[in-house]
Amino acid sequence: MELTRLLKMMFMFGIAGLIPTIRANIPVMDEYWSKRADEAREFTLQAYHSDPYEIVDHFHERHYDNSTDVTATEEDSSTKPDEVGTEVIEMVSNSTNSTRRSLKGKGKGKWSKLKGPCTASNPIDKCWRCRTNWAKRRKKLAKCVRGFGHGTTGGKRGRIYVVTSNLDEDMVNPVPGTLRHAVIQKEPLWIIFKNDMSIRLNQELLVNSHKTIDARGADVHVAHGAGITMQFVRNVIIHGLHIHHISESNGGMIRDSVDHFGMRTRADGDGLSIYGSSNIWIDHVSMSKCQDGLIDAIVGSTAITISNSHFTHHNDVMLLGAQNNMNEADQKMQVTVAYNHFGKGLVQRMPRIRWGFVHVVNNDYTHWELYAIGGSQGPTILSHGNRFIAPPHLPHYKEVTKRDYASEDEWKHWTWRSQKDIFMNGAFFRQSGNPNFKSVHTRKQMIKPKNGYAVSKLTKYAGALDCRVGRRC
């Protein structure tokens, strides 16, 4: 029976090039995928928070800690942010590149900053790091997510699945012990790795709902092949992976569940693709050099937190929302981008947003070539406590923000606000929307966002960590 179905689908593959591929790598939206899409829309509505400011307030209130408070004198006592009448926030000082962080260190690709006693530098990390028994209590990680992805539990309610092989040879009948076999299971799973490995995916990896991919305890690279896709799923945690050198894949027969496989068209080469999915947490990943984007979250994806990650050497870094036409699903997109380091070799889209509501909080922007945060179609962007260091060699690209496909008469009504951000090398943030928006935002807050001066501490351990069983992580 399954052989007959396989032969039929192989025939479809022969004509796949003639079929429009606007449906997320699915040549035919059959009954199975239509049902998945309908279910995903329902979960999006459930995950959507009608008062996003409450989540922003919750993020700040619950995780305030004096250990990361700093005063202006700790980094630059001579520079203070200033807001002028044109709604441009800038810091005029420090024309050199001396503030950019050096990640050089001794050892096997490890940063010198990771040497010495274990310290957790931000509220998410303080929830689980620097405990010698972390490997026996892996699932405690699920309690640590903050921001819009706060309801994500991944595979917390499932068993531990140990990946023992780095092979990815059979897309339809993956071998037990491989990552592909683990992620297609219907049950909740907490997926870990037996040892260090580099996984070259021959086709995009389709992750099912209720999964945690936890690379702590091993040095795991997904590289030199296809990327990872979360399509019409919910409740997924990805932690501790190195994802790099991802390229487009030709498509073909790929299994996405134990009871379903089907034809997929060409994948663009995104590192992480989130499509019509909700409750997603990406934490402590290191990403670079993907053919398309590092992270894309589109088509009604919501309830997402991207945290503690390190991004380098890429053009289009992060895309949140991809459709220019009026899209009700994308209007419900809510994403938190927190404690990340946007580092060397980056060009733009950190992130680039359509529609939706995005909270960009306490990130370190040490490199960009065109702009840092951009958008169109009137998204709401709250930039809180970030550090922006403009490129010293590109005098015409000091502006943090970029608005597309709209005149000033239109975008001046978009809510793009900056609070407690720090600007260096002439960087500036062009605000828009209600100038009194800040007072509305803080009406329920007990604790304000951490000042941008604290960012170098808050993001000190961004990226995949060198966690080893039996040692503090």
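Here, residue 1 is the first one in the sequence, and each next residue gets the next number. Worth knowing before you read on, the calculation uses all heavy atoms, side chains too, and leaves out hydrogens, waters and symmetry mates.
- Distance CE/Met263 to CD1/Ile254: 9.0 Å, rounded to 0.5 Å.
- Without hydrogens or angle criteria, Arg255 side chain to Val258 main chain gives a donor-acceptor distance under 3.5 Å.
- Judged by distance alone, with hydrogens and angles left aside, the side-chain atoms of Asn133 form no donor-acceptor pair with the main-chain N or O of Lys136 at under 3.5 Å.
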Pair Phe342, Asn386 - check side-chain contact (heavy atoms from CB on, under 4.5 Å), show working.
CA-CA 11 Å; Phe342 294 92; Asn386 302 288; over 6 Å; no
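- No donor-acceptor distance shorter than 3.5 angstrom exists from the side chain of Arg146 to the backbone of Thr336, with no hydrogens or angles considered.
- His210 approaches Val236 most closely through the heavy-atom pair N-CG2, 4.5 Å.
- Taken together, the cysteine pair Cys130 and Cys473 keeps its SG atoms at least 2.5 Å away from each other.
- By the 4.5 Å heavy-atom criterion applied to side chains, Ser273 and Gln231 are not counted as neighbours.
- Take Trp134 and apply the ring pair (Phe, Tyr, Trp, His ring centres under 6.0 Å) test, not counting sequence neighbours, and it matches no residue.
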Please report the C-alpha distance between Ile353 and Met333 in whole Å, then the side-chain angles of each, then the deciding distance to 0.1 Å, and finally whether the side-chain contact (heavy atoms from CB on, under 4.5 Å) criterion is met.
CA-CA 10 Å; Ile353 306 145; Met333 177 180 66; 4.0 Å; yes
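- For Cys127 against Lys140, the heavy-atom pair with the smallest separation is O-CE, 2.8 Å.
- Between Asp196 and Arg468, at least one side-chain nitrogen of the basic residue sits less than 4.0 Å from a carboxylate oxygen of the acidic one, meeting the salt-bridge criterion.
- With a 4.5 Å cut-off on side-chain heavy atoms, Asp270 and Tyr275 do not count as touching.
- A donor-acceptor pair under 3.5 Å is formed between the side chain of Ser277 and the backbone N or O of Phe232.
- In this structure, Arg180 contributes its side chain and Gln203 its backbone to a donor-acceptor pair below 3.5 Å.
- When atom types are taken as modelled, the side chain of Ser257 and the backbone of His260 share no donor-acceptor pair closer than 3.5 angstrom.
- Between the side chains of Arg387 and Thr366, no donor-acceptor pair is found at a separation under 3.5 Å.
- The shortest heavy-atom contact between His359 and Phe148 is CB-CE1, 4.3 Å.
- For the pair Val358/Leu320, a side-chain contact is recorded, criterion being any heavy-atom separation below 4.5 Å from C-beta on.
- Other residues, nucleotides and ligands contribute over 12 non-hydrogen atoms within 6.0 Å of the CZ atom of Arg131.
- In this structure, the side chains of Asp292 and Glu248 stay at 4.5 Å or more apart for every pair of heavy atoms.
- Counted by atom type alone, Asn235 and Asn279 present zero donor-acceptor pairs between their side chains at under 3.5 Å.
- Remark: Phe193 engages no residue in a ring pair (Phe, Tyr, Trp, His ring centres under 6.0 Å) (not counting sequence neighbours).
- For the atom pair Ile373 CD1 and Glu399 CD, the distance stands at 11.0 Å (nearest 0.5 Å).
- When only modelled atom types and interatomic distance are considered, Asp283 and Ser307 share a side-chain donor-acceptor pair under 3.5 Å.
- Not a single donor-acceptor pair under 3.5 Å links the side chain of Thr459 to the backbone N or O of Asn340.
- With salt bridges taken as basic N to acidic carboxylate O contacts below 4.0 Å, none links Arg352 and Asp316.
- Going from atom CD1 of Ile238 over to atom CG of Asp214 covers 11.5 Å, rounded to the nearest 0.5 Å.
- Of all the heavy atoms in Tyr339 and Pro123, the pair that sits closest is OH-CD, 3.3 Å.
- If you take CD on Gln419 and CG on Asn451, they are separated by 10.0 Å, rounding to the nearest 0.5 Å.
- Side-chain atoms of Thr380 never come within 3.5 Å of backbone atoms of Phe357 as a donor-acceptor pair (strictly under, hydrogens ignored).
- Taking every heavy atom of both residues into account, Lys289 and Leu294 meet most closely at N-CD2, 4.2 Å.
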Should Trp368 and Leu346 be marked as a side-chain contact (heavy atoms from CB on, under 4.5 Å) after you check the CA-CA gap, both sets of side-chain angles, and the distance that decides it?
CA-CA 5 Å; Trp368 71 79; Leu346 299 182; 5.5 Å; no
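- Distance check, rounded to the nearest 0.5 Å: CG of Asn208 to CG of Asp256 gives 7.0 Å.
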Give the intermediate values and the outcome of side-chain contact (heavy atoms from CB on, under 4.5 Å) for residues Val233 and Lys211.
CA-CA 10 Å; Val233 298; Lys211 301 292 182 290; over 6 Å; no
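- Asp259 contributes atom CG, which lies 9.5 Å from atom CD1 of Ile184 (distance to the nearest 0.5 angstrom).
- In terms of modelled atom types and a separation under 3.5 Å, the side chain of Ser121 and the main chain of Lys457 share a donor-acceptor contact.
- Residues His244 and His224 are in side-chain contact: their nearest non-hydrogen atoms beyond the backbone lie under 4.5 Å apart.
- Contact annotation: the side chain of Glu187 approaches that of Arg159 to within less than 4.5 Å [non-hydrogen atoms, C-beta and beyond].
- The number of heavy atoms from other shown groups lying within 6.0 Å of OH (Tyr397) does not exceed 12.
- Relative to the six-membered ring of Tyr461, Arg129 meets both conditions, a distance below 6.0 Å and an angle of at most 45° to the axis.
- Taking the ring centroids of His284 and His310, they lie at or beyond the 6.0 Å cut-off.
- Between Phe388 and Ala427, the shortest heavy-atom contact is O-CB, 3.7 Å.
- Asn315 and Gln348 are linked by a side-chain donor-acceptor pair at a separation below 3.5 angstrom, with hydrogens and angles left out of the test.
- Using modelled atom types, one side-chain atom of Asn362 and one backbone atom of Lys450 make a donor-acceptor pair closer than 3.5 Å.
- Residue-environment remark: NZ (Lys194) stays at or below the threshold of 12 foreign heavy atoms within 6.0 Å.
- Looking at heavy atoms from C-beta onward, Ile160 lies in side-chain contact with Lys139 at the 4.5 angstrom threshold.
- The shortest distance between side-chain heavy atoms of Ser376 and Arg354 falls below 4.5 Å.
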